[in-house]
Amino acid sequence: VGGREIDLTSAPLRGTVSQVALDKLTSEPLRGIFCVEASGGGNWRHRLVLMTEIGLIAHWQGDQLAVFAHDLYTLEPRAGAQVTLYSYKNQVLGQTVTDAQGLARLDGFKEAEGEPHVVVVESKQDYTYLTLQNQEPEGLPDMSGLGTYAPEDYSACIYADRDLYRPGDTVHLRWIVRKGYGDALAGAPMVLTVFKPNGKSLLEKTIPLSEWGTASLDVPTQKDYAT
């Protein structure tokens, strides 16, 4: 659809970066997937470039695939966009159009035609696609030691106003208890046990939870307590 010759000056064994405005290579707006090639000095490279104003979000709801298309600049829904779903075998699994909210739903896939792989959306001379694959979360902390989630159990968090105390200080303890789905455990009697460094019990007290599933206790210490 267009081309441009660029003079590059570079030192041996050093890379050169040159910017090319792809939309200036042609008088027509560039929308869709393009192959950009660069060659010179006996070398040749190419890359696929996607230029689009359509944003896509896809989500599985059981066996149904929900696709949301919107404008990347205004965030307005893309109504009336053509949605096509392809399998790994390059078979068309389904076609539909987005509604007024930019939503499209596809289901009833045939297993023999392959697993769903790519969603293609076309709207007003614009074109884009989305590969369906699980994205691993990045930057999440290691929570392997927290155990498995059991909705029938209770979850509790106990904390103090600071992490370190000197012997003779008063420890201000607070805690909150929740049911499996985040509801407050109101009015339940909870037994709080404070242990010494040697593992023996310092005190044990039954304290009822508030209507919000919270409770507190101030624990005075002695100057001769072990640290």
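If you read the sequence from its start, that first residue is 1, and numbering goes on from there.
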Find out whether [X] and [Y] are in side-chain contact, i.e. whether some heavy atom of one side chain is under 4.5 Å from a heavy atom of the other.
X	Y	value
Tyr165	Thr221	no
Leu192	Ile158	yes
Leu65	Leu132	yes
Leu106	Gln64	no
Tyr86	Val92	yes
Lys179	Tyr154	yes
Asp107	Asp63	no

Problem set entry | Check ion pair Asp169-Lys223 (N to O, under 4.0 angstrom) |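 No, this pair does not count.
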
Determine, using the 4.5 Å side-chain heavy-atom cutoff (strictly less than), whether [X] and [Y] are members of one ILVMFWY cluster.
X	Y	value
Phe68	Leu85	no
Val119	Leu72	no
Val171	Tyr159	no
Val83	Leu130	yes

Shortest non-hydrogen contact from [X] to [Y]?
X	Y	answer
Leu209	Met190	CG-CG, 3.5 Å
Thr98	Arg78	OG1-O, 2.5 Å
Thr74	Asp71	N-OD1, 3.1 Å
Gly114	Leu93	O-CD1, 3.8 Å
Pro116	Tyr88	O-CE1, 4.1 Å
Pro220	Thr170	CA-OG1, 4.0 Å

Exercise. Tell me the side chain to side chain donor-acceptor pair (under 3.5 Å) pairs involving residues 206-216, sequence neighbours left out?
Worked result: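 Listed by first then second residue: Ser210-Thr214.
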
Exercise. Okay, side chain of Lys89, backbone of Ala112: is any donor-acceptor separation there less than 3.5 Å?
Worked result: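 At least one qualifying donor-acceptor pair exists.
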
For this session: Please lay out, stage by stage, how Trp175 and Leu217 fare under the test side chain to side chain contact (heavy atoms under 4.5 Å, CB included).
Result: CA-CA 9 Å; Trp175 58 94; Leu217 179 67; 3.9 Å; yes

Problem set entry | Criterion side chain to side chain contact (heavy atoms under 4.5 Å, CB included) on Phe195 and Lys200, from CA distance to verdict | CA-CA 6 Å; Phe195 293 93; Lys200 295 182 178 181; over 6 Å; no

Exercise. Checking side chain to side chain contact (heavy atoms under 4.5 Å, CB included) for the pair Gln91/Lys110: CA distance, chi angles, key distance, verdict?
Worked result: CA-CA 10 Å; Gln91 298 295 311; Lys110 297 180 180 179; over 6 Å; no

Problem set entry | Test side chain to side chain contact (heavy atoms under 4.5 Å, CB included) applied to Val219 and Leu173, step by step | CA-CA 7 Å; Val219 181; Leu173 296 177; 3.9 Å; yes

